[in-house]
Amino acid sequence: MANKGRAEMEVGADGVALITIVNPPVNSLSIDVLLCLKDNYEQALSRDDVKAIVITGAKGKFSGGFDITAFGGVQGGSTEQPKIGYISIDLLTDTLEGARKPSVAAIDGLALGGGLEVAMACHARISTSTAQLGLPELQLGVIPGFGGTQRLPRLVGLTKGLEMILLSKPVKGEEAYKLGLVDALVPRDELVKTARFWALEIAACRKPWIRSLYKTDKLESLGDAREILKFARAQAQKQAANLQHPLVCIDVIEEGIVSGPRAGLWKEAHSFQTLLLSETCKSLIHVFFAQRATSKVPGITDLGLMPRKITKVGILGGGLMGSGIATALILSSYPVILKEVNENFLKAGIDRVKANLQSRVRKGKMTQDKCERTLSLLTGVLDYESFKDVDLAVIENVSLKQQIFADLEKYCSPNCVLATNTSTIDLNLVGEKTKSRDRIVGAHFFSPAHVMPLLEIVRTHETSPQVVVDLLDVGKKIRKTPIVVGNCTGFAVNRMFFPYTQSALLFVDYGLDVYKIDRACTKFGMPMGPFRVADLVGFGVAVATGMQYLQSFPERVYKSMLMSIMVEDKRTGEATRKGFYKYDGKRKASPDPELMKYIEKSRNMAGVTPNPELMKLPDKDIVEMVFFPVVNEACRVLDEGIAVKASDLDIASIMGMGFPPYRGGIMFWADTLGANYIFERLEAWSKMYGDFFKPCSYLTERAAKGIPLSAPANQTRARL
Ligand SMILES: C[C@H](O)CC(=O)SCCNC(=O)CCNC(=O)[C@H](O)C(C)(C)COP(=O)(O)OP(=O)(O)OC[C@H]1O[C@@H](n2cnc3c(N)ncnc32)[C@H](O)[C@@H]1OP(=O)(O)O
C-alpha cells in the first residue's frame with residue numbers, strides 16, 4: 001500500500017536538521033508520518049553534524065493533527081495500532097522532548113490536535129501571528145492523546161488550558177504568544193530561519209532549554225487546581241449531560257496535577273484508546289466527514305467546473321431573512337445592494353443589518369471600526385439601475401416572485417445567478433415566466449441567516465451545474481455548510497422537521513403530556529423539544545406550513561387542531577408570551593396549567609379518548625415515537641432523490657433541526673438501532689394511530705433485506 005505522507009529531513013551547514021511534515025492537504029500525522037519522524041529523530045540524534053532540530057510543515061501548514069481517516073480503520077479493527085503510549089511516551093516524550101539535542105517547532109497555518117502536541121513536546125515554538133493553535137479533539141469525541149492534556153495546562157495555566165480543550169477553541173499566534181504557548185512571533189518568510197537560530201541558541205545554552213512536561217510555574221496550587229477542575233466538571237455536565245469524554249478529559253488532567261505528568265500521560269494514553277472505540281467518537285467522526293462531503297455532489301462537482309467570481313450581490317427585500325442574508329454576505333466581504341420598495345422599508349432593512357453587526361460588537365466579536373467598514377459594503381436602492389453588474393441576486397420573501405424574476409432578467413447581466421430564498425415555494429413556478437430557468441436556484445437560509453450554519457441549495461431539473469457550483473462556492477465563503485437538494489415542498493430540512501412536531505401533536509391528543517415530550521427530547525440531546533420550538537417560531541408559521549404539507553402530502557398529515565385553537569385565542573407562542581408555555585419578561589418559559597383546556601378541546605375535536613398508559617412510557621419510547629416518523633420521512637427524501645446521500649441528511653438534521661451531533665445525525669442514529677426495529681415499531685403504531693406512521697417503501701424494503709438505511713442505493717435515480 002502507498003505510504004500516507006512522510007517527514008523529510010535536511011541537514012544544513014549550520015548543524016540544524018530541518019524536519020518537514022509532508023502529508024497534503026493539512027499535513028496530518030498518519031502512522032507513516034509518525035514513523036518517519038521517529039526515523040528522522042534517530043538519525044538526527046546519532047549524527048555528529050547535527051546540533052539541533054527544527055520541525056515544520058510543508059506549504060505553510062504545520063499540521064492538522066492525527067490522521068482522522070485512520071480512526072475508522074481502528075474502530076473497525078482493520079488497522080493495527082502502535083502499542084499504548086508508543087507515540088506519546090516513547091516517541092514524543094522520551095525520544096523528542098528527552099533528547100540531548102534541542103528541538104524547535106516552526107509553526108505557520110495550523111497546529112491542531114496532534115500537530116500542536118508535537119510542537120509542545122519541542123523545547124521552543126516560533127509562530128506566525130496568524131497561525132491557529134489548538135486542541136480540538138473533544139469535537140471528535142476523544143481527548144488529546146499525544147500529551148496535550150499534560151503539556152497545555154503547564155504552558156498556559158489550568159484555566160486557559162481547560163477552556164481551549166473543553167471548548168475545542170484554537171487561538172491565533174498572537175494570543176498564543178501572550179499566553180506563553182509560543183516563544184516568538186515572526187513574519188512567515190523569517191519563520192524557519194528564526195527557528196534554526198533559536199534551536200542553535202538553546203544548544204549553546206544561550207536560550208532556556210524547556211521541557212514543558214515538567215514546567216510548574218503556570219500551574220495553580222493543588223487546592224486552587226481542585227476548585228478549578230470542580231467548576232469545569234460542573235460546566236461540562238451542564239453543557240452536555242450525555243457526554244462522558246469531557247469528564248474523562250478533566251480526570252486525566254487532574255491525574256497529571258495530582259500524581260505527576262508521567263502518570264498523567266499514561267492515563268491519557270489508556271483513556272484515549274477507550275474513547276476512540278466509543279459510540280460518541282464514531283458518531284462525531286462520521287459528522288466530521290459528512291460535513292465535508294456535503295459539497296461533493298455527483299454529477300455537479302465532479303464535472304471539472306470552476307466557480308465563477310461573484311463580485312457583487314443584489315438582494316430584493318430587507319425583511320428578517322433579507323437583512324440576515326445581507327449581513328452574512330458583507331461579513332464575508334461581498335459588496336451587497338439591498339433593494340426595497342420604499343424609503344421606509346429600505347431604512348428598516350438597513351437598520352436590521354446594522355443591529356446584527358452591532359450585536360457582534362457588543363459580544364466582542366468585532367471592533368466598532370470593523371463594523372463600520374463592513375457596513376460600507378452595503379448599498380440601499382429603490383430601483384434596479386444598480387443591478388446591471390451584480391453576479392448574484394437573492395430574492396427574499398416577497399410576493400410576485402414570478403414578476404420579480406422577469407424584471408431581473410431584464411436588468412441583470414445574462415450571467416447573473418438568480419437565487420431565491422424560500423422554504424416552500426416551487427422553484428419551477430418561480431421561473432415559469434422567464435427564459436432563464438437554468439440560472440434559477442433556491443438558496444434556503446435558516447433564521448437568523450447570519451448565524452445559522454446551514455444553507456440548502458435547491459436545484460430544479462433545469463438549474464445548470466455551473467450555477468450550483470457558483471452557489472456552493474459562495475456558501476463556503478460565507479462559512480455555511482451547503483446541502484444540495486431537489487425541489488419539493490419543504491426540501492430536506494423542513495420535510496424532516498414537520499413530522500417531529502406532527503408526531504408530538506398526535507401523541508398529545510392520545511394522552512401524552514406536552515412537557516413530558518419536550519423533556520424526553522431535551523434529555524435525548526435536542527436543544528429544545530418540539531413544543532418549545534413551536535413557541536419560538538410562532539404558531540402562525542406552523543399553521544401555514546401545516547396547510548402546505550396537507551396539500552402536498554395529504555395521506556400522511558395528522559390534522560391536529562391544537563395550535564389553531566390556541567391561535568383563535570391569540571395565544572401564538574413566545575411573541576404573545578403564551579403558547580405551550582407561559583413566558584415571563586425575561587423570556588423564561590414555564591409550564592402553564594391553562595394549556596389543559598385547549599388540549600381537551602383538541603382531543604374532543606379529534607374524537608380521541610386519551611390513553612393513560614401513554615403517560616407511563618419511558619423517555620426512550622417517547623423519543624422513538626417522535627423521531628421514527630422523522631426517519632421515515634428522511635427515507636422518502638432519499639428515495640425520491642431530493643437528497644443525494646444519507647450523510648447529507650445527517651448534517652441537515654444536526655444543523656437545521658438541532659439533532660445531537662454526538663448521535664451522528666438522523667440516518668446514522670437510525671442505523672445504530674436497525675431498519676427492522678424502526679420498521680416494526682412504525683408498523684405497530686400505524687395500526688393503532690393511522691397512516692401518519694406507515695413505513696415508506698424504502699424503509700420497508702431495507703428492513704426486509706437487512707440493508708442499512710444509509711447504504712447508497714445505486715438504483716435510486718436522482719429525481720431532483
Ligand atoms: C492524538 C491526537 O490528539 C488526536 C488528534 O490529533 S485528532 C485530530 C485533531 N485535529 C482536528 O480536529 C482538526 C480537524 N480539521 C479541521 O478542523 C479542518 O479540516 C482544518 C482547520 C484543519 C482545515 O479546514 P479547511 O481549510 O476548511 O479544510 P477542510 O475542508 O476542513 O479540510 C481539507 C481536507 O483535509 C482533511 N482533513 C482535515 N483535517 C484532517 C485530519 N486531521 N486528518 C485527516 N484529514 C484531515 C479533510 O477531511 C478535507 O478532506 P477532503 O478535501 O477530502 O474533504
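Start at 1 and go down the list; that is how both ligands and their atoms are numbered.
In this structure, Pro144 counts as a contact residue of ligand 1, since one of its heavy atoms falls inside 4.0 Å of the ligand.
Atom 19 (O) of ligand 1 is approached by the protein to below 4.0 angstrom, counting heavy atoms only. Checking atom 27 (O) of ligand 1 against the protein gives no heavy-atom contact under 4.0 Å. Atom 50 (O) of ligand 1 is not flagged as protein-proximal [any protein heavy atom, distance under 4.0 Å].
Ligand 1 places these atoms under 4.0 Å from at least one heavy atom of Glu137: 2 (C), 3 (O), 4 (C), 5 (C), 6 (O), 7 (S). Each of the atoms 7 (S), 8 (C), 12 (O) of ligand 1 lies under 4.0 Å from some heavy atom of Leu140. Interface atoms of ligand 1 facing Phe289, defined by a heavy-atom separation under 4.0 Å, are 48 (O). Residue-ligand proximity, Gly113 to ligand 1, at heavy-atom distances under 4.0 Å covers atoms 6 (O), 9 (C). Atoms of ligand 1 found under 4.0 Å from any heavy atom of Asp67 (numbered from 1 in listed order, with element): 43 (N), 44 (C). Interface of Gly114 with ligand 1, defined as ligand atoms under 4.0 Å from a residue heavy atom, comprises 2 (C), 3 (O), 5 (C), 6 (O).
The aromatic rings of His286 and Phe668 sit parallel, their planes meeting at an angle under 30°, below the 60° perpendicular limit.
Among all non-hydrogen protein atoms, the one lying nearest atom 21 (C) of ligand 1 is Leu112 CD1, 3.8 Å. Distance from atom 52 (O) of ligand 1 to its nearest protein heavy atom, with residue and atom name: Lys296 NZ, 4.2 Å. For atom 34 (C) of ligand 1, the closest non-hydrogen atom of the protein is Pro25 CG, 3.5 Å. Protein heavy atom nearest atom 38 (C) of ligand 1, with residue, atom name and distance: Val26 CG2, 3.6 Å. Looking only at protein heavy atoms, the nearest one to atom 13 (C) of ligand 1 is Gly64 O, 3.4 Å. Scanning the protein for heavy atoms near atom 5 (C) of ligand 1, the closest one is Phe66 CB, 3.3 Å. When hydrogens are left out, the protein atom nearest atom 14 (C) of ligand 1 is Phe288 CE1, 3.6 Å; that is the closest non-hydrogen contact. For atom 29 (P) of ligand 1, the closest heavy atom belonging to the protein is Arg292 NE, 3.6 Å.
Between Glu175 and Lys160 a salt bridge is recorded (basic side-chain N to carboxylate O distance below 4.0 Å). A salt bridge links Arg6 to Glu8: one of the charged nitrogens lies within less than 4.0 Å of a carboxylate oxygen.
Here Leu110 has side-chain heavy atoms under 4.0 Å from ligand 1, and that is the only part of it that gets that close. Using a 4.0 Å cut-off between heavy atoms, Gln132 makes no contact with ligand 1 at all. Of all the heavy atoms of Leu135, none lies under 4.0 Å from any atom of ligand 1, so neither backbone nor side chain is involved.
For ligand 1, the polar-atom distance check against Phe71 finds no nitrogen or oxygen pair separated by under 3.5 Å. Checked by distance only, ligand 1 and Ile68 come closer than 3.5 Å through their nitrogen or oxygen atoms.
Ranked by closest heavy atom to atom 2 (C) of ligand 1, the top entry among Lys61, Glu268, Lys4, Glu117 is Glu117.
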Step by step, would you call Lys4 with Thr69 a side chain to side chain donor-acceptor pair (under 3.5 Å)? CA-CA 11 Å; Lys4 257 198 105 186; Thr69 58; 2.6 Å; yes
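The CG atom of Asp108 sits 13.0 Å away from atom CD1 of Ile126, with the distance rounded to the nearest 0.5 Å.
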